[in-house]
There are 2 protein chains.
Amino acid sequence: MNALFKALNDPTRREILELLKDKDMTAGDIADKFSISKPSISHHLDLLRQAGLVVSVKEGQFIYYSINTTVMDEMLKWIMQFKSSQKNK
Amino acid sequence: MNALFKALNDPTRREILELLKDKDMTAGDIADKFSISKPSISHHLDLLRQAGLVVSVKEGQFIYYSINTTVMDEMLKWIMQFKSSQKNK
DNA sequence: TATATATTTAGACAAATATCTAAATATATT
DNA sequence: AATATATTTAGATATTTGTCTAAATATATA
């Protein structure tokens with residue numbers, strides 16, 4: 001949970017997820033979408049991976065990143081607890 | 001959105017929300033639940049308020065805090081966008 | 001095998017964050 | 001009016017975070 005909230009607490013990382021929502025992308029292609037250095041994007045990708053929000057697969061000299069939404073379930077559940085307890089008031 | 005993710009990116013603040021889920025509480029009563037100084041808790045409450053996650057009402061010398069879950073809707077929607085696009089694969 | 005391309009790792013640095021103590025403000029009580 | 005209680009504000013400090021450049025690693029190509 002901590003890693004998850006931490007990963008999402010950055011606009012660049014959230015944008016990366018929105019890119020990956022549509023299609024898998026290589027680290028380089030992702031970096032090209034931002035005006036931030038490649039090492040910085042690499043670091044963002046690392047944090048997203050630590051949170052389980054993305055998965056990486058090496059193909060030759062490229063590394064493909066894809067989104068993994070299953071880890072979001074725990075977070076959704078956590079948020080929903082508040083919504084459902086609010087109902088009974 | 002930024003303020004919202006920022007506010008939730010801290011275990012203490014998330015715990016405060018869980019306390020307020022059950023009942024409204026004064027700043028002091030909230031602080032007593034943690035081994036952190038009152039000024040620090042006051043600061044956490046301020047960040048929660050900035051995000052719209054809590055509302056405060058002054059009653060005499062006390063300040064009551066209550067949770068507001070409506071701002072979570074935007075976040076839920078943001079997360080759900082990923083879940084629903086995942087479905088079509 | 002030498003060079004080019006893709007990506008990460010290492011190390012530095014400025015900005016943001018969580019925490020503290022001390023002081024300020026506001027209300028209640030004696 | 002003086003004192004006690006509840007809370008915040010101010011200012012300081014250590015840690016974390018986002019970013020950078022330079023270097024390292026790994027694969028592809030000439």
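Only heavy atoms go into these numbers, but all of them, side chains included; no hydrogens, no water, no symmetry mates. Each chain gets a letter, A, B and so on, in the order its sequence line appears, and its residues count up from 1.
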*Let me have a per-nucleotide readout for nucleotides 8-16 of chain C, 5' to 3', with B, S or -, counting only protein heavy atoms under 4.0 Å.*
BB-------
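- Counting heavy atoms from C-beta outward, B/V54 and B/L17 have side chains that approach closer than 4.5 Å.
- The distance from atom CD of B/Q50 to atom P of C/dA18 is 11 Å, rounded to the nearest whole Å.
- Atom CG of B/L47 sits about 11.0 Å away from atom CG of B/N9, to the nearest 0.5 Å.
- Side-chain contact between B/L53 and B/L8 is present, with at least one heavy-atom pair separated by less than 4.5 Å.
- Regarding B/F62, its CZ atom lies at a distance of 6 Å from the P atom of D/dT7, rounded to whole Å.
- Panel note: side chain A/N68, backbone A/G52; a donor-acceptor pair is recorded below 3.5 Å.
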*Do nucleotides 24-30 of chain D as a string where each nucleotide becomes B, S or -: B if the base has a protein heavy atom under 4.0 Å, S if just the sugar-phosphate does, - if no protein is that close.*
--SBS--
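- Mapped onto DNA chain C by nearest heavy atom, A/N9 and A/T26 fall at different nucleotides, with A/T26 at the one closer to the 5' end.
- Counting to the nearest Å, the C1' atom of D/dT17 and the CZ atom of B/F5 are 18 Å from each other.
- To the nearest angstrom, P of C/dA6 lies 9 Å from CG of A/D29.
- In this structure, the side chains of B/K83 and A/L76 come closer than 4.5 Å at one or more pairs of heavy atoms.
- Once rounded to the nearest 0.5 Å, the distance linking CG of A/L48 with NE2 of A/H43 reads 10.5 Å.
- In this structure, CG of A/D10 is placed 18 Å from P of D/dT16, rounded to the nearest angstrom.
- A donor-acceptor pair is defined here as one N or O able to donate and one able to accept, closer than 3.5 Å; such a pair exists between the side chain of B/Q81 and the backbone of B/W78.
- Taking atom OH of residue A/Y64 and atom C1' of nucleotide C/dA6, one finds them 11 Å apart after rounding to whole Å.
- We find that CD1 of A/I36 is positioned 11 Å from C1' of D/dC20, with the value rounded to whole Å.
- B/Y65 meets the ring pair (Phe, Tyr, Trp, His ring centres under 6.0 Å) test with no other residue; sequence neighbours excluded.
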*Run the numbers on A/I41 and A/T12 for side chain to side chain contact (heavy atoms under 4.5 Å, CB included), then give the verdict.*
CA-CA 9 Å; A/I41 294 291; A/T12 301; 4.2 Å; yes
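- Side-chain nitrogen and oxygen atoms of A/S37 include none within less than 4.0 Å of the OP1 or OP2 phosphate oxygen of D/dT21.
- Here A/L47 lies in heavy-atom contact (under 4.0 Å) with sugar-phosphate atoms only.
- B/S40 has no side-chain polar atom (N or O) that falls below the 4.0 Å cut-off from OP1 or OP2 of C/dA18.
- B/D29 is linked by a side chain to side chain donor-acceptor pair (under 3.5 Å) to B/T26, counting only residues two or more places apart in sequence or in another chain.
- Comparing the end axes of the helix from C/dT1-D/dA30 to C/dT30-D/dA1, each fitted to five base pairs by superposing C1' atoms of four pairs onto the next four, gives an inter-axis angle of 10° (nearest 10 degrees).
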Just list the side-chain donor-acceptor pairs under 3.5 Å for residues 30-38 of chain B, sequence neighbours left out, or say none.
{"unit_1": "B/S37", "atom_1": "OG", "unit_2": "B/S40", "atom_2": "N", "d": "3.3"}
{"unit_1": "B/S37", "atom_1": "OG", "unit_2": "B/S40", "atom_2": "OG", "d": "3.1"}

